[in-house]
Amino acid sequence: MSDLLTTPLAKLTGILERITYHNDENGYTVARLAVEGMRDLVTVVGNFSNPAVGEQLLCEGSWISHREFGRQFSVERYSTSKPATVFAIEKYLGSGLIRGVGPVMARRMVEIFGLDTLDIIEQDPEKLLRVQGIGRQRVNGIKKAWHDQREIRNVMLYLQEKGVSALYAVKIYKNYGDESLKVVEENPYRLAQDIWGIGFKTADKIAQQIGVLPDSRLRLRAGLLHTLSEATNHGHVCLPQSKLLASASEILGCSEETISPYLQEMASENEIIAEILPNSRSLNQEPDYYHPALYFTEVGLAAQIRKRMALQPLKPVNETKFNAWLASQELTTGFSLSEEQKHAVLLALSNRFLVLTGGPGTGKTSVTNLIAKAFEARRMRIVLVSPTGRAARRLSEVTGREALTIHRALKWDPQARKFQHDEENPLECDVLIADEVSMLDEVLANQLMKATPVHAHVLFIGDSDQLPSVGAGSVLGDLLASGVVPSVRLTQVFRQAQKSLIVTSAHRIRNGDMPHLVKPSNRGDSNLIWVEIEESEEGIAQVLKLARRTLPALGYSREDIQILTPMHRGSLGVGYLNEQLQEALNPPQPECVEFMRGSHRYREKDRVIQLVNNYDKLVFNGDIGVIEKISRTDQLMHVRFSDTLVEYDFADCDELQLAYALSIHKSQGSEYRAVILVLHSSQFMMLQRNLLYTGLTRARDICILVGDMRAIGRAVKNNKTVRRHTHLAERLVNSAVPA
């Protein structure tokens with residue numbers, strides 16, 4: 001009988017005085033409670049949806065003894081009520097719960113209204129005008145914030161009831177407003193499509209909680225769309241039918257036979273585009289399926305390129321005059337050109353579209369400068385662009401000409417929700433030079449080509465041995481694979497570049513040979529150093545030492561140094577390295593404000609990277625900035641990107657990630673004076689030749705490779721890359737293929 005008896009839960013009631021830790025992803029919280037009759041604050045631990053300082057908590061649970069932190073109250077369930085004392089109301093309002101009300105304003109409000117303060121805000125907010133510092137505009141702001149907070153709490157409670165994290169409640173409310181609960185209840189799968197950070201699994205969990213059946217039409221169609229969207233995260237523009245059905249079956253937990261009719265239904269309704277391409281690279285002639293937006297993107301990009309190539313041929317260049325001009329340039333600069341460089345300049349002048357590729361030290365920059373000079377000598381207007389801000393700044397530095405990011409060159413219009421420059425309003429140029437096109441995905445390439453005048457010369461420059469773009473497509477690879485787009489590869493490594501172990505090792509890696517590895521004790525004037533490690537913990541210690549002491553002692557500032565690693569997870573992954581580097585390079589200071597968003601800590605002076613294109617803020621995937629100011633009262637964070645200060649609501653901060661360490665993919669197109677490149681056997685699945693090549697070639701002055709010989713050897717030998725599902729090359733080659 002004793003087994004049937006249960007110990008009754010202990011009860012504890014108090015005012016939430018301080019939140020020591022809160023994880024938005026799972027709700028786990030460590031907080032301090034002021035309990036009447038107890039001299040010291042009580043530590044409570046448990047899962048809370050959205051705790052606010054000043055709330056009265058009615059907790060049920062048990063007392064436990066923690067080996068390190070002593071006696072605590074473990075909460076199994078709880079309820080809240082409005083603060084019941086003037087002191088608690090002041091704490092509650094001053095906690096940052098309501099945007100625009102901080103500790104000072106909260107004190108003034110309770111000094112006038114006392115216990116009635118919350119009722120005044122709720123029922124008669126006009127009376128707040130009696131408070132010093134509160135005018136009409138702030139009253140309106142407080143009214144809206146109070147209303148929003150109430151609705152956000154309703155969304156949070158709803159999500160909590162469905163067993164889903166309340167992390168995204170603010171974003172849901174910002175997106176749908178007072179329609180939030182209606183949208184979630186009618187079609188929770190919209191969340192995955194509309195809101196950054198909410199995935200299909202979260203939406204599916206809500207759907208199951210509200211009674212959506214596993215084999216329902218709503219769920220299976222949403223799952224197919226999600227599978228196609230997920231494929232773009234791996235670079236695919238489309239998926240063959242067999243792969244789409246297999247992947248969707250795994251995600252949905254349903255048979256392919258169950259899903260297939262809905263795929264055909266969506267294709268017949270053009271919600272998904274199905275296409276069988278003649279002479280495609282597919283092994284069997286099964287249809288490929290596209291999201292409509294990506295289908296028309298690929299078709300449009302191919303059409304833009306083919307249109308230029310179909311124009312009447314340009315007048316041949318007078319080679320006598322051309323050679324005389326080249327000779328004068330060599331005389332002026334004192335720089336002797338190779339035959340392949342001269343040929344590259346001639347091809348750029350002779351073709352409306354040219355791809356220029358080559359590895360480090362082969363003179364791509366010199367050729368680019370010379371091509372620009374040649375067009376300028378013809379009085380032609382040139383626009384220089386690059387996919388990221390960092391790459392654009394570098395292009396500007398090496399050419400001595402203004403260079404813009406593609407987004408800024410095309411001028412996004414937030415009101416019209418489109419670029420100002422397009423086919424109807426093209427860029428004012430006769431020549432477009434785009435650098436780092438290995439980073440260029442099909443969507444951005446299509447936007448760029450649509451905005452470039454048909455008569456203009458187009459020069460795409462990139463290193464085809466680098467990793468492909470983060471976004472969908474393989475533009476540079478497909479242009480070269482088509483065989484119909486004029487291209488030139490620079491192969492000769494110049495004598496000055498041959499002195500750099502970074503350059504010579506990059507070419508060795510490209511050819512499948514091991515790089516030249518020099519240990520610190522034998523460094524001399526080498527710019528490629530190998531720090532050997534065995535265990536990953538040793539690697540963390542070495543990275544911290546190099547970033548804090550070794551490289552600064554050699555004259556490199558914090559801004560000069562970038563840590564690169566192949567993976568996001570693991571002890572040598574981006575996430576954990578950033579946590580350790582934040583504490584080492586930007587430790588907490590009394591005057592330095594910080595806040596937590598989920599399990600991520602943001603601190604003033606932190607280096608951060610934008611993870612998604614945000615056209616409203618005009619910041620884009622890959623932009624790197626520094627947090628200048630955090631305001632808990634206004635729930636805002638201000639980040640400096642180059643010469644632009646951008647404002648983020650706390651709810652939008654998951655668009656940012658610490659950037660002391662970056663994935664090698666995210667570093668594409670950037671150049672850093674000093675790179676610490678992590679390569680360890682624990683990252684086995686990610687170790688590839690183009691990944692090592694890309695990471696190494698991000699370094700300008702010095703690269704310190706932290707890793708073990710097995711990992712380096714594995715990366716050099718592994719030249720297998722997953723082919724991306726795209727058909728840009730076929731559309732360029734075959735006139736029977738839509739373009």
**Prompt:** Distance-only, no hydrogens or angles: does the Asp701 side chain make a donor-acceptor pair with backbone N or O of Ala674 under 3.5 Å?
**Reply:** no

Q) Donor-acceptor pair, Asn613 side chain versus Asn621 backbone, under 3.5 Å? A) yes

**Request:** Return yes if some donor-acceptor pair links the side-chain N/O of Glu330 with the main-chain N/O of Leu337 below 3.5 Å, else return no.
**Result:** yes

(Q) If you apply the rule side-chain contact (heavy atoms from CB on, under 4.5 Å), what do you find for Ile609 with Asp623, and how did you get there? (A) CA-CA 6 Å; Ile609 184 171; Asp623 285 352; over 6 Å; no

> Between Arg710 and Glu534, is there a side-chain N and carboxylate O pair less than 4.0 Å apart?
Replying inline: yes

Closest non-hydrogen atoms of Val716 and Arg689, given as atom of the first, atom of the second and distance, are O-NE, 2.9 Å

Go through it in stages, so that I can follow the logic: the residues are Glu376 and Arg401, the test is salt bridge (charged side-chain N to carboxylate O under 4.0 Å, His left out), and I'd like the CA-CA distance, side-chain angles, deciding distance and then a yes or no. CA-CA 12 Å; Glu376 286 170 344; Arg401 299 168 179 85; 2.8 Å; yes

Derivation and outcome, salt bridge (charged side-chain N to carboxylate O under 4.0 Å, His left out), residues Lys519 and Glu532: CA-CA 8 Å; Lys519 291 194 174 184; Glu532 186 175 13; 3.1 Å; yes

Note to self: Counting C-beta onward and ignoring hydrogens, is there a side-chain heavy-atom pair between Leu370 and Gln329 closer than 4.5 Å?
What the structure shows: yes

State, without any angle test, whether Gln657 and Tyr602 hold a side-chain donor-acceptor pair at a distance under 3.5 Å. no

d(Asp478 CG, Leu732 CG) to nearest 0.5 Å is 8.0 Å

Tightest non-hydrogen contact, residues Leu479 and Ser482, listed as O-OG, 2.8 Å

Going by distance alone, is a donor N or O of one side chain under 3.5 Å from an acceptor N or O of the other, for Tyr693 and Asp463?
yes

What one should report as the nearest heavy-atom pair of His234 and Arg724 is O-NE, 3.9 Å

Quiz prompt | Over-ring placement of Arg714 relative to Phe684, 6.0 Å and 45° cut-offs | solution = yes

Do we see a donor-acceptor contact under 3.5 Å between the side chains of Thr399 and Asn369? no

In terms of the angle between their ring planes, are Phe419 and Trp412 parallel, tilted or perpendicular, with boundaries placed at 30° and 60°?
perpendicular

Side-chain donor or acceptor of Glu604 paired with backbone N/O of Ile630 under 3.5 Å: yes

Shortest non-hydrogen pair, Asn527 vs Ser500, comes out as ND2-OG, 2.9 Å

Taking Ser469 for its side chain and Gly473 for its backbone only, find out whether a donor-acceptor pair lies under 3.5 Å. yes

**Prompt:** For the residue pair His407 and Tyr615, is the inter-centroid distance of their aromatic rings smaller than 6.0 Å?
**Reply:** yes

- Query: Under 3.5 Å, is there a donor-acceptor pair between the side chain of Thr726 and the main chain of Ser474?
  - Reply: no

Contacts table for residues 552-575: side-chain donor-acceptor under 3.5 angstrom, sequence neighbours left out:
residue	atom	partner	partner atom	Å
Ser557	OG	Glu559	N	3.4
Ser557	OG	Glu559	OE1	3.4
Ser557	OG	Asp560	N	3.4
Ser557	OG	Asp560	OD2	3.1
Arg558	NH2	Leu585	O	2.5
Asp560	OD2	Ser557	N	2.9
Asp560	OD2	Arg673	NH1	3.1
Gln562	OE1	Arg607	NH1	2.7
Gln562	NE2	Ala659	O	3.2
Gln562	NE2	Tyr660	O	2.9
Thr565	OG1	Leu572	O	2.7
Thr565	OG1	Gln683	NE2	2.9
Ser571	OG	Ser536	OG	3.0

Open item on the list: Can a side-chain donor-acceptor contact be found between Glu655 and Gln610 if the only test is distance below 3.5 angstrom?
Closed with: yes

Review point. Is the backbone N or O of Gly358 less than 3.5 Å from a side-chain atom of Lys364, with the two atoms forming a donor-acceptor pair by type?
Key: yes

For Lys342, I'd like to know if atom NZ has over 12 heavy atoms of other residues, nucleotides or ligands within 6.0 Å.
yes

Check your understanding: Under 3.5 Å, is there a donor-acceptor pair linking the side chains of Asp708 and Ser681?
Key -> yes

Flag, side chain of Thr362 to backbone of Gln492, donor-acceptor distance under 3.5 Å
no

Strictly distance-based, threshold 3.5 Å: is any side-chain N or O of Ser642 a donor or acceptor partner for the main-chain N or O of Thr644?
no

Between Thr694 and Leu467 the two heavy atoms that sit nearest each other are OG1-N, 2.9 Å

Q.
With a sphere of 6.0 Å drawn around CZ of Phe322, does it hold more than 12 non-hydrogen atoms of other residues, nucleotides or ligands?
A. yes

When rounded to the nearest 0.5 Å, the distance separating CG of Leu480 from CZ of Phe460 is 11.5 Å

Compile the donor-acceptor pairs under 3.5 Å between side chains in residues 384-392 and protein atoms, sequence neighbours left out, one pair per line.
residue	atom	partner	partner atom	Å
Ser386	OG	Asp435	O	3.4
Thr388	OG1	Ala391	N	3.2

- Query: Do the side-chain N and O atoms of Thr491 and Glu340 include a donor-acceptor pair separated by under 3.5 angstrom?
  - Reply: yes

Worksheet item: If we ignore angles and hydrogens, is there a donor and acceptor under 3.5 Å between the side chains of Ser682 and His680?
Response: yes

Quiz item: Asp513 and Lys717: salt bridge (charged side-chain N to carboxylate O under 4.0 Å, His left out), yes or no, with the steps?
Solution: CA-CA 8 Å; Asp513 298 322; Lys717 291 176 184 176; over 6 Å; no

For Val639 and Tyr648: C-alpha separation, side-chain torsions, deciding distance, then whether side-chain contact (heavy atoms from CB on, under 4.5 Å) applies.
CA-CA 8 Å; Val639 181; Tyr648 287 81; 3.9 Å; yes

task: For salt bridge (charged side-chain N to carboxylate O under 4.0 Å, His left out), just list the numbers for Lys605 and Glu594, CA-CA rounded to whole Å, side-chain angles, deciding distance to a tenth of an Å, and then say yes or no.
output: CA-CA 10 Å; Lys605 301 179 184 178; Glu594 64 177 45; over 6 Å; no

| side-chain contact (heavy atoms from CB on, under 4.5 Å) between Tyr576 and Ile540: does it pass, once the steps are laid out? | CA-CA 9 Å; Tyr576 188 67; Ile540 296 166; 3.4 Å; yes

Show, in sequence, the C-alpha distance, side-chain angles and deciding distance for Val493 and Thr504, and conclude whether the side-chain contact (heavy atoms from CB on, under 4.5 Å) test is met. CA-CA 8 Å; Val493 180; Thr504 56; 5.6 Å; no

Donor on one side chain, acceptor on other, Asp606 and Asn586, under 3.5 Å: yes

In this structure, OG of Ser667 is separated from CE of Met439 (nearest 0.5 Å) by 8.5 Å

When rounded to the nearest 0.5 Å, the distance separating CE of Met637 from CG of Leu656 is 5.0 Å

Salt bridge (charged side-chain N to carboxylate O under 4.0 Å, His left out) pairs touching residues 572-584, sequence neighbours excluded, are Glu583-Arg603

When rounded to the nearest 0.5 Å, the distance separating CG of Asp652 from CD of Glu647 is 10.0 Å

Check: Would you say His343 has more than 12 foreign heavy atoms packed within less than 6.0 Å of its NE2?
Finding: no

Note: Gly695 and Ile664 closest approach over all heavy atoms is N-CG2, 3.6 Å

Could you tell me if the side chain of Val518 sits less than 4.5 Å from the side chain of Trp530, heavy atoms only?
no

